[in-house]
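Residue numbers begin at 1 in each chain, while the letters A, B, ... track the order of the sequences. As the structure is a prediction and not an experimental result, all values here were calculated from the model.
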Amino acid sequence: MSDAVRETVRDKVVAILAEQAALEPTAVSMEASLGDLGIDSLALVETIFSIEETFDIEVPFNANEPEKSDFDISTVASIVRAVETLVAART
Amino acid sequence: MPRSPQHPRGGRRVVVTGQGTINALGRSAPETRAAMREGRLGIGPLAFQDVDRLSIQIGGQIRGYDPEAHFSRQELTLFDPFTQFALLAAREAVAASGVTFADPGRAGVVLGTSGGGLQTQDENYRLVYQEAKNRVHPLVVPRLMNNAAASQISMDMKIEGPTYTVATACASSNHAMGQAFQLIRSGMADVVLTGGAEAMLCFGGIKAWEGLRVMSRDGCRPFSLNRNGMVQGEGAAVFVFEALEHALARGANIIAEVTGFAMTSDASDIVTPNREGAVRAMRGALADAGLAGEAVGYINAHGTGTTVNDKTECAAVREVFGAHADRLMISSTKSMHGHLIGGTGAVELIACLMALEEGVIAPTIGYELPDPDCDLDVVPNVAREARVDAVMTNAFAFGGLNAVLVLQAWR
């Protein structure tokens, strides 16, 4: 994946999270957790839906066992990495 | 129990004199009880159009069901599957009970459903949106409406009293049966056919649920540490609720007595269950029945198999029952028949009646690993023989709407 593509993925994921959190994208730090951003369980499923629609990918996430999903939602950075992996697998 | 016709907390006493069902476990109440006794799994691969486009492909589907074996072509034009299931269950219940509706204005039908004629909607939206058809069948509306099943039963049985549908998502059937109890108790009706029906196993029905990320791809394992979500089912169950004096006057076989009912709203979150709301509903039902918690031998849990529901429900049971929580049995039969959404409490009442009448407690199957957050006697995997005098059945719906019934043995 080129740096340019990586940057785009990151910016788009941050934009999605920022919208769910009702924050400016600049206020979303890569170290923040969903809890830090105030994203609750309903906002999380909306976030995943937006990610799937934006990148045309299937996100393997079950709210009953978030730790078991390949999709790591612990921080903004981990979500960005997980999306990068799924986007890379798609192409 | 003395044969007073009066409920100790006011109004008339109400008994169950008939039961009928069709679901993934069986085509009748006796078949369903037998499956529950054996701990049989009714969940398997789903079969319907476009199932390959779903990420969730399992459910408690009724296998080998042939509508034309039960209904005429004209009837099927008007009967969505949820109506068909409700009618079959109602006919079985009425036949088993032997009740007649000689005074039709004193009889009613109160059914629960969440999706109503969802398959009819799904099929017809497909026609107009996907296949670009410009017209749909003229009887789509009377087929899809949520009250279609209740109305068709009232027409089929010539029942002319209070007839309506209750829609409170996963608590619909419990709310409906609670309403039927109150109608008879208050004197508004003598006999009410009540329960619920759901037929949500179609592409659109499951597709909508997938988005919530609460469904399991591999099985329903309530209370088990490795549970990973709910699995849907379909079908119906209908019961004959009758005023005690009416049942005794006609020499009816009494299966059990309905003694308590309560409903509460969490007023907190649209999907996440709330312990306090559940606690208030269970306490309210016990108070309505005039029972101490210690009298309850079995609870049919809401037990959806999601992480959050099961641990919240167990915590609520501990809060309500205290030390007795370690003595009572609690199981989720959704592990066998799946979650029938608006029809689920009705099918689960079959397990409650079996417990009271036969002393057989239906198991929670698929139980693999103990969860410290669900450390109650969940009757894992194998049915148990135990005499119980009172049972409770829980339903805690999306929307935070809770409905709990208490029933007692008739001896």
Side-chain angles (χ1 to χ4, degrees), chain A residues 12-13 15-22 32-91, chain B residues 52-58 169 206-232 266 268-274 302-314 332 334-335 339 366-369 371 373-374 398-400:
Chain A
K12 284 181 175 169
V13 170
I16 289 166
L17 289 167
E19 194 194 336
Q20 286 297 333
S33 70
L34 294 178
D36 296 337
L37 298 176
I39 291 181
D40 65 9
S41 59
L42 282 185
L44 171 60
V45 296
E46 286 193 75
T47 301
I48 290 171
F49 170 71
S50 289
I51 288 172
E52 287 183 326
E53 287 289 286
T54 302
F55 298 101
D56 190 23
I57 54 176
E58 289 286 321
V59 173
F61 180 81
N62 180 339
N64 292 288
E65 43 185 7
E67 71 293 344
K68 277 195 198 162
S69 303
D70 292 332
F71 197 81
D72 181 355
I73 57 161
S74 44
T75 62
V76 174
S78 76
I79 293 173
V80 169
R81 274 196 306 277
V83 173
E84 282 171 359
T85 307
L86 291 169
V87 169
R90 187 201 62 193
T91 48
Chain B
D52 52 311
R53 288 176 55 207
L54 294 171
S55 65
I56 303 299
Q57 301 190 348
I58 57 167
I206 300 293
K207 182 51 83 181
W209 277 93
E210 280 181 359
L212 282 168
R213 310 268 168 177
V214 295
M215 307 271 288
S216 171
R217 293 174 191 226
D218 49 29
C220 180
R221 296 181 289 277
F223 309 118
S224 190
L225 185 65
N226 61 346
R227 65 187 181 278
N228 63 1
M230 52 176 276
V231 174
Q232 277 200 50
D266 295 341
S268 57
D269 190 281
I270 197 71
V271 291
T272 308
N274 172 302
H302 189 54
T304 56
T306 64
T307 310
V308 179
N309 175 82
D310 295 2
K311 85 173 171 198
T312 308
E313 183 167 13
C314 288
S332 169
K334 288 185 178 76
S335 57
H339 190 340
Y367 186 83
E368 293 170 359
L369 291 168
D371 178 351
D373 286 334
C374 304
F398 273 1

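- A distance-only check finds no donor-acceptor pair linking the side chain of A/T54 to the backbone of A/I51 [under 3.5 Å].
- Residue B/T272 touches chain A through its side chain alone, counting heavy-atom pairs closer than 4.5 Å.
- Looking only at distances, no side-chain donor or acceptor of B/S216 sits under 3.5 Å from a matching main-chain atom of B/G229.
- If you measure heavy-atom distances from A/L42 to chain B, the contacts under 4.5 Å come from the side chain alone.
- In this structure, chain B has no heavy atom under 4.5 Å from any part of A/E46.
- Salt bridge status for B/K207 with B/E210: present, with a side-chain N to carboxylate O gap under 4.0 Å.
- Interface residue B/V214: backbone and side-chain heavy atoms are both found under 4.5 Å from chain A.
- Interface remark: A/F49 contributes no atoms to any contact with chain B (heavy atom separation under 4.5 Å).
- Checking A/D36 against A/S33 by side-chain atom types alone, a donor-acceptor pair falls below 3.5 Å.
- Distance alone, capped at 3.5 Å, places no donor-acceptor pair between the A/E65 side chain and the A/N62 backbone.
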